[in-house]
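We name chains A, B, ... by the order of the sequence lines, and we start the count at 1 in each one.
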There are 2 protein chains.
Amino acid sequence: MNTIDKIQKSLANFSKSERKVAEVILADPQLAIQCSIATLAKMADVSEPTVNRFCRRLDTKGFPDFKLHLAQSLANGTPYVSRHVEANDSAEAYTAKIFESSMAALDSAKQSIDASAVNRAVDMLTQADQISFFGLGASSAVAHDAQNKFFRFNIPVSCFDDVLMMRMSCINAREGTVIVLFSHTGRTKALVEVARLARENHAQVIALTAKDSPLARECTLALTMDVPEDTDLYMPMASRLAQMVAVDVLATGFTLRRGPRFRENLKRVKEALKESRFEKPQGL
Amino acid sequence: MNTIDKIQKSLANFSKSERKVAEVILADPQLAIQCSIATLAKMADVSEPTVNRFCRRLDTKGFPDFKLHLAQSLANGTPYVSRHVEANDSAEAYTAKIFESSMAALDSAKQSIDASAVNRAVDMLTQADQISFFGLGASSAVAHDAQNKFFRFNIPVSCFDDVLMMRMSCINAREGTVIVLFSHTGRTKALVEVARLARENHAQVIALTAKDSPLARECTLALTMDVPEDTDLYMPMASRLAQMVAVDVLATGFTLRRGPRFRENLKRVKEALKESRFEKPQGL
DNA sequence: CATTCTAATGTAGCTAAATTACAAAACTCG
DNA sequence: CGAGTTTTGTAATTTAGCTACATTAGAATG
């Protein structure tokens, strides 16, 4: 836990002199870590042992150890904390907040994703002879994105954001069909039913969804991530970002699994796109 | 600059004994910052002053100061550096790398986005009586996502990922029409032409694209972001993530501009979705 | 190949910083 | 108001880090 926060939180538990120390440190932590215990004591107008006791109270071995801890939390420089947008934020403020919340969400997704599940999902995808991506609402964009990525791999892919089409597609599913479902909550009734239908038709079902959700239970493999829910009105829907990155991960795993010959192919696809573009001025 | 990197870089300039110190520190930096100069000297099998000289060579005041610097760079815990996927990375490795690269890309986008351009874009969007989102290829998913978001605002929105449809839509454009184009490179010929056509038909054109690109020049307002290009084969296409976050930013700006009455409405839309979901078990 | 100079490393002593033990002061509660 | 507890400070001790100097290893030159 962040040392600065810790000090702030313990502020009430400190004695009078200890609080003086805390205030001096909080006022300029960067300065504090460069001070000796003597200078800091003088600045706070307390004795040296008081400073030492203050350090111990924060579960450090002593003053030097405390400085180390403090230095570490300073360096952390707010590593993307999710902050909510306020009604009278400036454009600058809400832009920064949304980007930061998005990064925080990705970080949390990264922490919680299970690499072995990724591996199994890649297994299933590489063995598929047909892949379908299904997403409703906000997740439909993710499904589109996934289609676009896997399309380049030159395997039959399809993508639906319409429940009827999904159901029809499920009925035509075979053993080699892999269906990937995107749903943040994993509680969308229609999608859960689609998953069941797909399985009844012997398709393999991968779901990018919430842990322990109805959808997660209904599929062959659940690839789950913890993404802080957007309790906010100003709905940045971080979950679909995490899903898209997860799609990148799967696509990457796919290309890695397919080996170097396959990657050569991809390079050619990329180059084929160049013709449709204006030349980029070389140099500059 | 990161102290660890600094050590690694200076490795060549060190003397034999200094290098021994460097190696011990690099082997376990976390341990090193807890050691006294004596223990560290013993571990590296050198004398104490050698350790001290080593610290000085890295522009620190001495051993304690060096530890502080080291602690800070450790805390930074690789603050999202873009690292490329290697052919024999494990699932764990490439998953982490892709998430980190994505976060790094968002960070760079955040740094480079122009808040005043955001503000003007929001201006245009709030005054629009019709909004269209256009994207081709990888950006089509972004356009879909944008449609999904703005659709909730109860204004006429459309979305196309097909050039012919885009052109038709442009021809029907009026003064109050705002067209938002998504293109990472800003060099896709078809899209640049669409932008021109739209402007000829008096539509307002906003482009989320690269700075100084043909597309940026052809539109009313260019909302540009620097996103590290994916020179990589394993194409995580970070740009579309940045674009999606930018869409969040615009949507947020939109709701803020529309005021509290409007936000009440949004809440109702969100609640309307609940019926289509399975109940979430309260508590747990 | 020897000699000399320089750079590198270590030893020992010194200084300053941090910690401990204890005593004094302040505060609490009967 | 006084016994007990907590808080704070003083002084002594310990420890860590640094400096000055000596020694050694290595490079360069005759």
Side-chain angles (χ1 to χ4, degrees), chain A residues 3 6-74, chain B residues 3 6-74:
Chain A
T3 305
K6 213 166 169 179
I7 297 175
Q8 222 129 25
K9 256 180 104 177
S10 323
L11 221 53
N13 305 331
F14 289 144
S15 72
K16 208 184 338 166
S17 314
E18 283 170 344
R19 204 164 310 136
K20 281 201 259 178
V21 178
E23 271 155 22
V24 169
I25 291 170
L26 290 176
D28 190 348
Q30 193 61 49
L31 176 72
I33 61 170
Q34 300 191 28
C35 289
S36 73
I37 193 167
T39 15
L40 196 67
K42 201 175 281 176
M43 283 198 292
D45 194 30
V46 298
S47 69
E48 298 185 23
T50 302
V51 177
N52 191 277
R53 281 187 281 262
F54 167 85
C55 298
R56 294 243 162 96
R57 199 172 287 275
L58 284 125
D59 303 316
T60 61
K61 285 189 213 141
F63 185 68
D65 189 41
F66 167 78
K67 287 212 287 189
L68 248 37
H69 281 256
L70 186 58
Q72 297 215 357
S73 49
L74 281 184
Chain B
T3 304
K6 213 165 167 180
I7 297 174
Q8 221 130 23
K9 259 180 103 176
S10 324
L11 220 54
N13 306 329
F14 288 144
S15 72
K16 209 184 337 165
S17 311
E18 283 169 345
R19 204 164 310 134
K20 281 202 259 178
V21 178
E23 271 155 22
V24 170
I25 291 170
L26 290 177
D28 191 348
Q30 193 60 50
L31 176 72
I33 60 169
Q34 300 189 26
C35 289
S36 72
I37 193 166
T39 17
L40 195 68
K42 201 176 278 175
M43 284 198 292
D45 194 30
V46 298
S47 69
E48 296 185 25
T50 303
V51 176
N52 190 276
R53 282 189 279 265
F54 167 85
C55 298
R56 293 240 160 95
R57 200 172 287 276
L58 285 126
D59 303 317
T60 61
K61 285 189 211 143
F63 185 67
D65 189 41
F66 167 78
K67 286 211 290 189
L68 247 36
H69 282 257
L70 186 59
Q72 297 217 353
S73 49
L74 280 184

Nearest-nucleotide pick for [X], side chain only, options being [options]:
{"X": "B:Val46", "options": "D:dT8, D:dG17, C:dG10", "answer": "C:dG10"}
{"X": "A:Pro49", "options": "C:dA18, D:dA16, C:dT20", "answer": "C:dT20"}
{"X": "A:Lys16", "options": "C:dT19, D:dT8, D:dC18", "answer": "D:dT8"}
{"X": "B:Ser36", "options": "C:dT9, C:dT19, D:dG17", "answer": "D:dG17"}
{"X": "A:Ser47", "options": "C:dA17, D:dT10, C:dT9", "answer": "D:dT10"}

Roughly how many Å is it from [atom1] in [X] to [atom2] in [N], rounded to a whole number?
{"X": "A:Lys61", "N": "C:dT20", "atom1": "NZ", "atom2": "P", "value": "13 Å"}
{"X": "B:Glu18", "N": "D:dA25", "atom1": "CD", "atom2": "C1'", "value": "15 Å"}
{"X": "A:Lys42", "N": "C:dA17", "atom1": "NZ", "atom2": "P", "value": "10 Å"}
{"X": "B:Phe66", "N": "D:dC18", "atom1": "CZ", "atom2": "P", "value": "12 Å"}
{"X": "A:Asp45", "N": "D:dT8", "atom1": "CG", "atom2": "P", "value": "12 Å"}
{"X": "B:Lys67", "N": "C:dA18", "atom1": "NZ", "atom2": "P", "value": "11 Å"}
{"X": "A:Phe63", "N": "D:dG17", "atom1": "CZ", "atom2": "P", "value": "14 Å"}
{"X": "A:Gln34", "N": "C:dA17", "atom1": "CD", "atom2": "P", "value": "14 Å"}

Under 4.0 Å: is that the gap between some side-chain N or O of [X] and OP1 or OP2 of [N]?
{"X": "A:Arg56", "N": "C:dT20", "value": "yes"}
{"X": "B:Arg19", "N": "C:dT9", "value": "no"}
{"X": "B:Asn52", "N": "D:dC18", "value": "yes"}
{"X": "A:Ser15", "N": "D:dT6", "value": "no"}
{"X": "A:Thr50", "N": "D:dG9", "value": "yes"}

Evaluation steps, side chain to side chain contact (heavy atoms under 4.5 Å, CB included), between A:Leu31 and A:Met43: CA-CA 11 Å; A:Leu31 176 72; A:Met43 283 198 292; 4.1 Å; yes
Side-chain donor or acceptor of B:Lys67 paired with backbone N/O of B:Ser36 under 3.5 Å: no
CG on A:Asn52 to CZ on A:Phe66, rounded to 0.5 Å: 11.0 Å
Would you compute the distance between atom CG of A:Asp65 and atom CD1 of B:Ile33 and round it to the nearest 0.5 angstrom? 8.5 Å
Does some side-chain heavy atom of A:Leu70 sit less than 4.5 Å from a side-chain heavy atom of A:Thr60? no
Between A:Glu48 and A:Arg53, just flag the one whose closest nucleotide in DNA chain C comes earlier from the 5' side. A:Glu48
